[in-house]
J.: 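Before I ask anything, here is the structure I am working with.
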Amino acid sequence: MSVQTSNGAFTMTTRVSRASGIPAATTPTAPFGTDVTWTNWGGNQSATPAFTVRPRNEQEALDAVRFAIREGLPVRAVGSGHSSSPLVQTGGVLMDMSGLSAITGTDRVGRRARALAGTTINAFGDALWDKGLALSNQGDIDKQQIAGALATSTHGSGKDLGSFSSKLRWVKLINGYGEIVEIGEGQIRELRAAQVALGTLGIFLEVELAVEDSYYLQEQITYPTWAETTATWQADIDDNRHYSFLWCPEDDSCELLDLPGSPDHSMSGRSYTKRYNVASVQDESQLSTVEGARLDRSYRIYPGGFTTQFHELEYFVRSEDGLVAVEAIQELIRSKYPEQKYPVEVRWVKSDDAYMSQFQGRDSTVITLTTEPGTDYWQFFRDADAVLQEFEPRAHWGKIHFMTRSRLERLYPELDTFIQVRREFDPRGMFLNDHTRSLLA
């Protein structure tokens, strides 16, 4: 069956390729290992799947899923491993999608770009720029694979800018029947489920994102006191394309995330503040690499610092509750956890319509708490979770969190719709693990 809608230079198709039967291969056709322990980037999550499969093309990925179906093995995909939550763990088949990496097409007029699922965010920069295009926004780290960034609604900062997931316009995936399925804008119900799916609809093969014309950004880094930060709170949010800050509990907080502190002031109680705005550049000889005042292509400006390992909890509150929620976290640190020296990062993201998006239906202030690997962070994170409950927080799916099914039922008005779509794509739950099953089965 095929349904098509026109979209610029692309034809958007929903196609189901139903296999006549699951092949009887005794092992995956792609390169694989057995009983190989996987550990995430931060070192707090690990698993030893029966098979770790590294498909090099679409057919090998399809064969691997069909093999798992025949053997009755659950399947999870792994990207760059930047998630701190237990999204990846499986005892069955772990699909390492890094071999499926390429920008596969661009549409300059329609402002669209396609890429294979394992393509890292930093691979989009030059490739899109050469076509006069750029990503609308991105975060501090650009090493994540695009499918993982979409699965968890990874984001940057800017009150008028959405997450990566809000830009998904088409996806090709392998569902729980061992079929290739394409979802486009003509299937809005399924697309809104696919935009943020935590890997539970199937294995993503290729995606299409809405992008925009290429642009340059001017950076401005400042170090205001907390009183100065709050005095210009709303103006900074409203008047900058990208605005965010990291509030520093101690003088050495910045260096814990590889960020330069103020050369003139103690950073204790100050905010490392980032403002990025579009700049007109006639000639790239004008570009600047001066720390704190860089002028460059957008994708070169966004990433910075954050090269050392860490663990994170990241919660989202309504924008109107942002200031009081941040101050509640500051008070928690001062009164109970003075040893917590990592900065508290604060950002803003525009609302969207994806069923399981942290930003579904509400503009959000983002509060990110960071701790050092090897330390016992549980009580601090649990207390932060408790402090923020009055603001009805949602959580970043790729970070440590304490979301439960009952919380989801209260916070996500389209949860039932998402679960219906998930069951249609994967009725046997082969793409679930213990973590996602407790939330979305």
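What you are looking at is a predicted structure, and each value in this text was computed from that prediction instead of being measured.
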J.: If only side-chain N and O atoms count, and only distance matters, is there a donor-acceptor pair under 3.5 Å linking E414 with T417?
T.: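 On atom types as modelled, these side chains qualify, holding a pair under 3.5 Å.
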
J.: Starting at OG of S84, measure out to CZ of F310 and round the result to the nearest 0.5 Å.
T.: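 Those atoms lie 7.5 Å apart.
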
J.: How long is the gap from CG on L100 to CZ on F204, to the nearest 0.5 Å?
T.: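 Rounded to the nearest 0.5 Å, the CG-CZ separation comes to 14.0 Å.
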
J.: Taking the side chain as C-beta and beyond, is there a heavy-atom pair between W226 and V326 under 4.5 Å?
T.: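 Side-chain contact under 4.5 Å: yes.
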
J.: Could you verify whether a donor N or O on one side chain and an acceptor N or O on the other, from S46 and T37, lie under 3.5 Å apart?
T.: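 No, because no side-chain N or O of S46 sits under 3.5 Å from a partner of the opposite role on T37.
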
J.: Is there a side-chain contact between K172 and V181 in this structure, where contact means two heavy atoms from C-beta onward sitting under 4.5 Å apart?
T.: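 Heavy-atom side-chain distance check fails, nothing below 4.5 Å.
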
J.: Any carboxylate oxygen within less than 4.0 angstrom of a Lys/Arg side-chain nitrogen, looking at D140 and R347?
T.: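 Yes, this pair counts.
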
J.: Please check: side-chain N/O of T365 versus main-chain N/O of V317, any donor-acceptor pairing under 3.5 Å?
T.: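 Side chain of T365 to backbone of V317, a donor-acceptor pair under 3.5 Å: no, none is there.
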
J.: Answer whether the closest heavy-atom distance between the side chains of I333 and F380 falls below 4.5 Å.
T.: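 I333 reaches F380 side chain to side chain.
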
J.: Would you say that more than 12 heavy atoms from the other residues, nucleotides or ligands in this model lie under 6.0 Å from the CG of D238, or not?
T.: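 It does: D238 CG has more than 12 such atoms within range.
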
J.: Could you check whether H155 and E314, counting side-chain N and O atoms only, form a donor-acceptor pair closer than 3.5 Å?
T.: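 Looking only at side-chain atoms, H155 and E314 do form a donor-acceptor pair, the distance falling under 3.5 Å.
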
J.: Determine yes or no for a side-chain-to-main-chain donor-acceptor pair under 3.5 angstrom, with D363 supplying the side chain and K350 the backbone.
T.: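 Flag not set: sc D363 to bb K350 has no pair under 3.5 Å.
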
J.: Do Y377 and E372 have a side chain donor and acceptor closer than 3.5 Å?
T.: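 No, no side-chain donor-acceptor pair sits under 3.5 Å.
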
J.: How long is the gap from CD on Q340 to OH on Y342, to the nearest 0.5 Å?
T.: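 These two atoms lie 9.5 Å from each other.
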
